Colleague: 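Supplied in structure tokens, the structure appears directly below.
Below, all heavy atoms of this structure are taken into account, side chains as well, without hydrogens, waters or symmetry copies. Throughout, residue positions are numbered sequentially from 1 according to the sequence presented. Since this is a predicted model, take the numbers as computed values, not measurements.
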Amino acid sequence: MTRAASGCPVQPFSPAFLSDPHPTYDHLRREAPVQQVVMPSGEQVWLVTRYDDVRQGLADSRLSNDQTRLKIQRPFAALPSKVESALTTDMLNVDPPVHTRLRSVIAEAFTQQKANAMRGTLQRICDQLLEELATREIVDVVSDYAGVFATRATAALLGIPAEYSQPFHQWGNEIASTILKKNNDDELLRPAADMHDFGSRLIDHKRREPQDDLLSRLVLAHDSDELSWEELASMINLLLIAGREGPANMIGTGIHLLLTHPRELARLRARPELIETAVEEFLRFEAPLGLAIYRSADEPITLSGVTIPAGEPILFSLLSTGRDPERFEDADDLDVGRTAKQHLGFGWGRHYCLGAPLGRLEVQTAIGSLVRKFPELRPAEPSEEARWNPSVITRGLVSLRVRTK
């Protein structure tokens, strides 16, 4: 159901929506691009779906990412304070000047030059994984390949030793799947507490045995009073979750898109150099982050002729923007050779994803290597049986079974 902005809110986040949100987003962009909706938690928020509005909003300095200012129940408010602070004191949840300071601490580790220096490591991870998978006829590319690759790549970037390589990849999915549910305290506590404990052990380990890696530099930044304890713990959690979940989701989604668009898969096979534009197209077509973090403002904000009152929570749909026909020609067509790069798959404005250069390279390496390794790659089950993660926030597959030979 839909409504005018002043009527009864809609509730788009049904199981059917989570499986295929695009028909709903198509309707909202046309009929109610700035719309009050009811979240699974029962909270009423504003949802913005058009490309121009989302880009404008993400760049609007009047809008705050500070979750403590929200007029709704904060997502992690019921957790123990040390656990909540370890999940909400990162760069995504704060504004300048704190955001500027935190971003500067790790910015040097995520330049294009640093990403390029990881190329050999990423390729070695791929090659090893693909050799293991080559012995099997049926593979789940989400759990057996995309998830493992992204986990190992994140561990290599951060400097996580083998003995600490716990399944941190599960916690991000569990948190994203439950964060906006109603009465979710018990579901959130275990993965959030596990991740907090894991981060604490990593900090202790790096303090005892520092090395030339990102985690050791972050611990040194804390010991030099550049980061508080809460900021250090929250930074590590952000890197663990975002560093793994985004690339893993995009790898699985990209492979799914190629298998469901065989003409585009054939184009990529014939012209492997298209992998760079193909990844940009995957990011446009199915953004791995469906909704940007809550924003709010101290004054009314007007988008598409609708005025959002001061202080009310706003969600910007990155996923919707990629199919906006006012911005992208033939927006519902997948085109691995498309050159338009100003999608919002990595966000926009001051909170634009710092890890975008590395994330792009990870997805290019993983998908390009898989396509080359398995020239007979094809689905092992009907495309409608591919299962999407039941998360309002992220967009990624739970499972995707393929045949390698």
Colleague: Could you walk me through whether V48 and L315 pass the side chain to side chain contact (heavy atoms under 4.5 Å, CB included) check?
Modeller: CA-CA 6 Å; V48 182; L315 286 173; over 6 Å; no
Colleague: Have D52 and Q56 got a donor and an acceptor in their side chains that come within less than 3.5 Å?
Modeller: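 Distance-only check fails for D52 and Q56.
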Colleague: Output the distance between atom CZ (R269) and atom CD (E264), rounded to the nearest 0.5 Å.
Modeller: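 If we round to the nearest 0.5 Å, R269:CZ and E264:CD are 13.0 Å apart.
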Colleague: Other residues, nucleotides and ligands only: do more than 12 of their heavy atoms fall within 6.0 Å of CD on E137?
Modeller: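 Yes, because the 6.0 Å sphere around CD of E137 holds more than 12 heavy atoms from other groups.
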Colleague: Is there a side-chain contact between F316 and L303 (heavy atoms, below 4.5 Å)?
Modeller: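 The answer is yes, as the side chains (C-beta and beyond) meet within the 4.5 Å cut-off.
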Colleague: What verdict does the side chain to side chain contact (heavy atoms under 4.5 Å, CB included) test give for F282 and L334, after you've listed the backbone C-alpha separation in whole Å, the side-chain angles of each residue and the deciding distance to 0.1 Å?
Modeller: CA-CA 8 Å; F282 302 152; L334 187 77; 4.3 Å; yes
Colleague: Checking D140 side chain against L400 main chain: does a donor-acceptor pair fall under 3.5 Å?
Modeller: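 Such a contact is found between D140 side chain and L400 backbone.
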Colleague: Do any N or O atoms from the side chain of S14 and from the backbone of F17 form a donor-acceptor pair under 3.5 angstrom?
Modeller: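 Confirmed, S14 side chain pairs with F17 backbone.
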Colleague: For the pair S216 (side chain) and D212 (backbone), establish whether a donor and an acceptor sit closer than 3.5 Å, ignoring hydrogens and angles.
Modeller: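 Between the backbone of D212 and the side chain of S216 there is no qualifying donor-acceptor contact (under 3.5 Å).
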Colleague: I want to check something: taking the side chain as every heavy atom from C-beta on, are L102 and M235 in contact at a cut-off of under 4.5 Å?
Modeller: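 They are in contact (side-chain heavy atoms under 4.5 Å apart), so the answer is yes.
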Colleague: Flag the pair L344 / L283 as yes when at least one side-chain heavy-atom distance between them is below 4.5 Å, and no otherwise.
Modeller: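 With C-beta onward as the side chain, the pair stays apart.
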Colleague: Under 3.5 Å, is there a donor-acceptor pair between the side chain of R295 and the main chain of I293?
Modeller: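 Checked: pair present.
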Colleague: Determine, step by step, whether L122 and E362 satisfy the side chain to side chain contact (heavy atoms under 4.5 Å, CB included) criterion, reporting the C-alpha distance in whole Å, the side-chain angles of both residues, the deciding distance to 0.1 Å, and the verdict.
Modeller: CA-CA 7 Å; L122 298 178; E362 287 186 42; 3.9 Å; yes
Colleague: By side chain to side chain contact (heavy atoms under 4.5 Å, CB included), which residues pair with P300, not counting sequence neighbours?
Modeller: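 For P300, the residues satisfying side chain to side chain contact (heavy atoms under 4.5 Å, CB included) (neighbours in sequence not counted) are T307, A310.
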Colleague: With rounding to the nearest 0.5 Å, note down the distance linking NZ in K373 to OH in Y145.
Modeller: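 It is 10.5 Å, given to the nearest 0.5 Å.
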Colleague: Taking the basic N atoms (NZ, or NE/NH1/NH2) and the acidic carboxylate oxygens, is any pair closer than 4.0 Å for E381 and R401?
Modeller: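 Yes, this pair counts.
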Colleague: Under a 3.5 Å threshold, yes or no: a donor from one side chain and an acceptor from the other, between S369 and Q123?
Modeller: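 On atom types as modelled, these side chains qualify, holding a pair under 3.5 Å.
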Colleague: Under the 3.5 angstrom rule, does the side chain of Q67 hit a backbone N or O of N65 as a donor-acceptor pair?
Modeller: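 Flag set: sc Q67 to bb N65 pair under 3.5 Å.
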Colleague: Any side-chain donor-acceptor pair under 3.5 Å between S391 and T394?
Modeller: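 There is such a pair between these side chains.
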Colleague: Can a salt bridge be assigned to the pair E326 and R50 using a cut-off of 4.0 Å between side-chain N and carboxylate O?
Modeller: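 Salt bridge between E326 and R50, a charged N being under 4.0 Å from a carboxylate O: no.
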Colleague: Mind checking whether K405 and R136 have side chains closer than 4.5 Å, heavy atoms only?
Modeller: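 Result no, sub-4.5 Å side-chain heavy-atom pair not found.
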Colleague: For H256 together with W388, are the ring centres under 6.0 Å from each other?
Modeller: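 Yes, the ring centres sit under 6.0 Å apart.
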Colleague: Just by distance, no angles: are the side chains of W46 and E312 close enough, under 3.5 Å, to form a donor-acceptor pair?
Modeller: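 Yes.
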Colleague: Among residues at least two apart in sequence or on other chains, which ones pass salt bridge (charged side-chain N to carboxylate O under 4.0 Å, His left out) with D333?
Modeller: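 None.
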Colleague: N249 and R395: side-chain donor and acceptor closer than 3.5 Å?
Modeller: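 N249 vs R395: no donor-acceptor pair found between side chains.
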Colleague: Flag yes if more than 12 heavy atoms outside Q113 fall under 6.0 Å of its CD atom; otherwise flag no.
Modeller: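 It does not: Q113 CD has 12 such atoms or fewer within range.
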Colleague: Calculate, to the nearest 0.5 Å, the distance between atoms CG and CD belonging to L47 and Q36 respectively.
Modeller: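 Here the rounded value is 11.0 Å.
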Colleague: Within a radius of less than 6.0 Å around CD of E132, do more than 12 heavy atoms belonging to other residues, nucleotides or ligands occur?
Modeller: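 Atom CD in E132 is packed in, count exceeds 12.
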Colleague: For the pair R403 and E376, evaluate salt bridge (Lys or Arg N to Asp or Glu O under 4.0 Å) and give the outcome as yes or no after the intermediate values.
Modeller: CA-CA 8 Å; R403 293 187 181 275; E376 299 180 28; over 6 Å; no
Colleague: Would you check if D66 and N93 make a side-chain contact, meaning some heavy-atom pair closer than 4.5 Å?
Modeller: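 Sidechains of N93 and D66: no contact.
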Colleague: Report yes or no: do D324 and T321 form a side-chain donor-acceptor pair below 3.5 Å?
Modeller: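 No pair is found: no donor N or O on one side chain lies under 3.5 Å from an acceptor on the other.
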Colleague: Do R244 and T151 have a side chain donor and acceptor closer than 3.5 Å?
Modeller: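 Distance-only check passes for R244 and T151.
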Colleague: Keeping R284 on the side-chain end and G322 on the backbone end, is there a donor-acceptor pair under 3.5 Å?
Modeller: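 Between the backbone of G322 and the side chain of R284 there is a qualifying donor-acceptor contact (under 3.5 Å).
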Colleague: Show, in sequence, the C-alpha distance, side-chain angles and deciding distance for T100 and R103, and conclude whether the side chain to side chain donor-acceptor pair (under 3.5 Å) test is met.
Modeller: CA-CA 5 Å; T100 308; R103 195 174 176 101; over 6 Å; no
Colleague: At their closest point, which heavy atom of G254 faces which heavy atom of I367, and how far apart are they?
Modeller: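 That closest heavy-atom pairing would be CA-CD1, 3.9 Å.
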Colleague: Side chains of L129 and V148, heavy atoms from C-beta outward: is any pair under 4.5 Å?
Modeller: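 They are in side-chain contact.
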Colleague: Establish, from distance only, whether the side-chain atoms of H22 and E286 form a donor-acceptor pair under 3.5 Å.
Modeller: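 Yes, side-chain donor-acceptor contact under 3.5 Å.
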Colleague: So, the side chain of T260 versus the backbone of L257: is there a donor-acceptor pair under 3.5 Å, distance only?
Modeller: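 At least one qualifying donor-acceptor pair exists.
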Colleague: Which pair of heavy atoms, one from Y294 and one from P313, lies closest together, and at what distance?
Modeller: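 Smallest interatomic distance, heavy atoms only, reads CD2-CB, 4.0 Å.
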Colleague: Just by distance, do the side chain of T277 and the backbone of V336 share a donor-acceptor pair under 3.5 Å?
Modeller: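 Present.
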Colleague: Would E329 and R338 pass as an ion pair if we require N to O under 4.0 Å?
Modeller: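 Between R338 and E329 there is no salt bridge, as every charged N stays at least 4.0 Å from the carboxylate O atoms.
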Colleague: For L358 and Q112, what are the C-alpha separation, side-chain angles and deciding distance, and is it a side chain to side chain contact (heavy atoms under 4.5 Å, CB included)?
Modeller: CA-CA 7 Å; L358 181 59; Q112 186 63 60; over 6 Å; no
Colleague: Just by modelled atom types, is the T89 backbone N or O under 3.5 Å from a matching donor or acceptor in the E230 side chain?
Modeller: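 Checked: no pair found.
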Colleague: Would you say D332 has more than 12 foreign heavy atoms packed within less than 6.0 Å of its CG?
Modeller: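 Enclosed: over 12 neighbouring heavy atoms sit under 6.0 Å from CG of D332.
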Colleague: Side chains of S104 and R101: is there a donor and an acceptor less than 3.5 Å apart?
Modeller: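 Absent: no donor and acceptor within the cut-off.
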Colleague: So that I can tick it off, tell me whether R62 and D60 are bridged by a salt bridge, with the cut-off set at under 4.0 angstrom between side-chain N and carboxylate O.
Modeller: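 Yes.
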Colleague: Quick one: closest heavy-atom pair of G252 and L397, and the distance?
Modeller: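 Looking at all heavy atoms of both residues, the shortest contact is O-CD1, 3.7 Å.
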Colleague: Cation over ring, R323 on Y25, under 6.0 Å and within 45°?
Modeller: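 Geometry flag: not set, cation outside 6.0 Å or 45°.
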Colleague: Would T365 and R119 count as having a side-chain donor-acceptor pair, cut-off 3.5 Å?
Modeller: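 Side chains of T365 and R119: no pair found under 3.5 Å.
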Colleague: Got a second to check how far L202's CG is from L240's CG, nearest 0.5 Å?
Modeller: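 L202 CG to L240 CG: 6.5 Å, rounded to 0.5 Å.
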Colleague: Does G345 offer a backbone N or O that forms a donor-acceptor pair with the side chain of H343 under 3.5 Å?
Modeller: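 Judged by distance alone, yes, a pair lies under 3.5 Å.
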Colleague: Just verifying a value: how many Å separate L157 CG and L214 CG, rounded to the nearest 0.5 Å?
Modeller: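 Here the rounded value is 5.5 Å.
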Colleague: To the nearest 0.5 Å, tell me how far L218 CG sits from D223 CG.
Modeller: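 Here the interatomic distance stands at 11.0 Å.
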Colleague: Give a yes-or-no answer on whether the side chains of R55 and Y51 include a donor-acceptor pair shorter than 3.5 Å.
Modeller: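 Judged by distance alone, the side chains do pair up.
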Colleague: I'd like to know if the side chain of R69 pairs up with that of S64 as donor and acceptor (distance under 3.5 Å, no hydrogens or angles considered).
Modeller: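 Yes, a side-chain donor-acceptor pair sits under 3.5 Å.
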